[in-house]
Amino acid sequence: MTCHDVQQHLYDFLDSALDSATGDAVQHHLETCTPCRTAFEATQSIEDQLRHTLREEPVPPTLWPRIQADLDRVVPAAIVATTQKRRRPWLWSAALAAVLVLSLGIALLKPVLMRSESLHARLLSVPVNDLHTFVVSQRPLDMASADPQQLRQWFQQKVAFPPPVLPEQVGAAYLVGGRLCYFLERRVASYMYSAHGHYVSLYVMPHEGLQQPSDAVRRLRQPQATVHEVQGYTHVIWSHTGLLYSLVSDLPQGQIFAMARQMMRAS
Amino acid sequence: MGNIISHLQQRWTRERFTRHTEQFLPALYRSARRLTRDVAAGEDLVHDTYVKAYQAFDKVELRSEEACRAWLFRIMVNAYRDRYRRQQRSPEVQPFAREHDSDTNVIEAAVSPEPDPEVLLGRKRFSEAVQVAIATLSPEVRLVVTLFFAEGLPYKDIAAIAACPIGTVMSRLARGRRQLQQYLREYGATPQGPPAAALSSSATLQRHGKAQREGRTP
């Protein structure tokens with residue numbers, strides 16, 4: 001195989017898209033030809049960085065709420081069609097079916113409506129709203145410190161539970177301080193991290209009276225960790241030794257999951 | 001009565017729609033941002049995609065997450081094409097300004113003298129150079145490049161989303177890659193950090209050889 005052949009196959013080789021014989025021939029050539037190997041490595045290097053750069057694009061936190069608000073005003077085409085069909089002569093059958101659907105609908109919706117008022121439902125949204133308000137209002141931190149021990153001592157005087165010592169750095173996020181919050185009828189310690197200009201807040205609170213939400217979009221491998229998407233933020237919830245942990249951020253989900261795993265190990 | 005039923009039905013559709021589609025927001029936004037080359041236009045494109053998808057949601061049968069993702073991407077790509085057709089009045093792929101350069105020898109380009117390390121651009125400038133480089137691609141090439149690099153989709157999925165043959169995807173992708181490589185090298189945007197050069201060449205090669213034998217896609 002010549003250098004020209006290798007050049008022709010370079011991208012297919014990078015994508016592992018060559019058949020076994022051609023792939024082996026390219027590989028053998030690259031092992032023995034320094035200019036081609038240099039070219040291969042330079043191409044691969046730029047493409048790796050390109051891939052990394054293109055995947056770093058956090059969703060603006062206002063986008064999902066905006067979409068949701070507009071969906072409220074849109075009626076799906078199938079429902080418009082169904083509504084129009086109902087005006088046809090078999091009205092009575094349709095009316096009977098409608099009564100059944102309505103009864104069933106009320107029966108199904110009742111627990112949902114009741115649940116929405118409960119503490120459990122507020123657990124999903126309140127921490128997200130708190131972080132969002134903090135970011136939008138550009139308030140200062142209650143305690144600016146990158147020292148985990150100092151932060152723990154500060155929280156110790158403010159909350160009714162033993163505050164954990166959390167790592168100084170979690171993934172790309174650095175500890176920048178803490179805030180004392182009050183919601184869900186309890187005092188909550190908010191450990192604030194910062195990464196790439198985004199805040200990450202870990203809320204720690206007593207578990208008592210709160211339930212781990214069951215309607216998660218996915219679960220992490222660790223026991224009891226559920227993932228929720230609320231208003232463009234990712235919200236990971238888990239519990240450990242009587243405390244409930246709620247991690248909120250608008251960073252890409254992969255980074256948030258990695259942080260959650262590290263924090264679970266630390267806590 | 002009709003209104004109540006319609007309301008319940010709509011509510012039920014809405015819940016199912018959100019449950020199935022919300023997880024794809026980051027991927028859709030990421031691609032929309034690259035395709036439109038603008039934050040606000042990217043947001044608008046994703047917004048329109050969700051509204052169109054919601055209107056058609058009850059009429060499609062989606063059997064898996066992959067099918068749902070492909071469906072959303074197809075809607076977004078159609079909306080994207082509508083936009084640039086309106087802007088350019090030409091649905092055809094626009095010739096890239098430096099198309100004639102595309103056959104430049106990759107190996108020669110790679111072994112040409114590297115810029116002095118002191119002028120190597122940092123990660124931030126690399127990111128900015130990528131933005132510019134992507135923006136110089138023609139719309140259809142940009143679409144294929146974005147789906148390949150940002151979403152990591154295989155050729156056949158890209159072909160399904162872009163509604164074109166796999167061969168077209170491959171040729172557009174190859175063209176886009178050559179143009180990006182050339183642009184990023186010309187402007188000295190060699191990435192700093194841990195890339196392949198840091199790995200031993202034999203380890204890098206073994207990794208590729210192994211992937212091939214196992215028949216894996218990138």
Side-chain angles (χ1 to χ4, degrees), chain A residues 3 6-7 10-11 13-18 20 23-24 27 30-31 35-51 53-60 63-64 66-68 70-71 74-79 82-83 86 95 98-99 101-102 105 109 217 229 232 252-253, chain B residues 1-2 4-6 8-10 13-14 17-18 22-23 25-26 29-30 33-34 39 43 46-47 50-51 54-59 105-107 110-111 126-127 130 134 146 149-150 152 173-174 177 180-181 184-185 190-191 193 195-197 201-202 204-205 208-209 211-213 216-218:
Chain A
C3 294
V6 168
Q7 189 193 332
L10 203 60
Y11 288 123
F13 184 73
L14 267 171
D15 297 347
S16 306
L18 291 175
S20 169
D24 287 347
Q27 184 169 340
L30 291 177
E31 281 166 358
C36 285
R37 189 166 64 243
T38 307
F40 168 77
E41 287 173 351
T43 305
Q44 188 187 37
S45 163
I46 285 192
E47 292 212 337
D48 282 350
Q49 292 290 313
L50 183 64
R51 199 169 275 114
T53 302
L54 290 180
R55 288 179 184 179
E56 266 188 353
E57 193 67 58
V59 180
L63 180 56
W64 186 245
R66 178 185 155 205
I67 291 170
Q68 291 288 302
D70 279 358
L71 291 187
V74 176
V75 180
I79 293 176
T82 317
T83 314
R86 205 171 284 123
V99 169
V101 169
L102 182 62
L109 283 177
V217 291
E229 284 162 12
Q253 283 199 338
Chain B
M1 178 67 82
I4 296 171
I5 293 169
S6 150
L8 281 171
Q9 195 181 348
Q10 194 174 341
T13 302
R14 174 67 181 282
F17 178 74
T18 302
E22 188 179 1
Q23 60 186 307
L25 180 70
Y29 177 73
R30 205 158 44 218
R33 170 79 182 79
R34 298 299 168 191
V39 174
E43 286 192 35
V46 174
H47 171 272
Y50 270 97
V51 170
Y54 180 52
Q55 285 175 315
F57 185 63
D58 269 342
K59 293 191 285 188
N105 188 312
V106 174
I107 293 176
V111 296
F126 181 78
S127 170
V130 167
I134 292 267
T146 300
F149 283 110
L173 184 61
R177 289 168 112 171
L180 290 175
Q181 285 280 341
L184 293 171
R185 281 179 182 154
T190 309
S201 56
S202 59
T204 312
L205 298 178
H208 279 268
Q212 284 161 10
R213 281 191 290 280
R216 280 189 271 120
T217 50

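The figures that follow rest on heavy atoms only: side chains count, while hydrogens, waters and symmetry mates do not. Per chain, numbering begins at 1; letters A, B, ... match sequence-line order.
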Exam field: side chain [X] to backbone [Y], donor-acceptor pair closer than 3.5 Å:
{"X": "B/Gln181", "Y": "A/Thr43", "answer": "yes"}
{"X": "A/Arg55", "Y": "B/Phe149", "answer": "yes"}
{"X": "B/Tyr50", "Y": "B/Leu25", "answer": "yes"}

Query raised in the report: Tell me, side chain or backbone of B/Arg14 under 4.5 Å from chain A's heavy atoms, or both, or neither?
Result: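 For B/Arg14, side-chain heavy atoms alone lie under 4.5 Å from chain A.
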Query raised in the report: Side chain, backbone, both or neither: which part of A/Pro58 has a heavy atom under 4.5 Å from chain B?
Result: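 Backbone of A/Pro58 only, per the 4.5 Å heavy-atom cut-off to chain B.
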**Report entry** Which portion of A/Gln253 sits near chain B, non-hydrogen atoms under 4.5 angstrom
**Finding:**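 No part of A/Gln253 comes within 4.5 Å of chain B.
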Report task. Please determine, among B/Arg34, B/Glu22, B/Arg33, B/Gln23, the option with the most heavy-atom pairs under 4.5 Å with chain A. Result ->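 Of B/Arg34, B/Glu22, B/Arg33, B/Gln23, B/Glu22 has the most heavy-atom pairs under 4.5 Å with chain A.
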Query raised in the report: What distance separates B/Asp58 CG from B/Thr13 OG1, expressed to the nearest 0.5 Å?
Result: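 Answer rounded to 0.5 Å: 4.0 Å.
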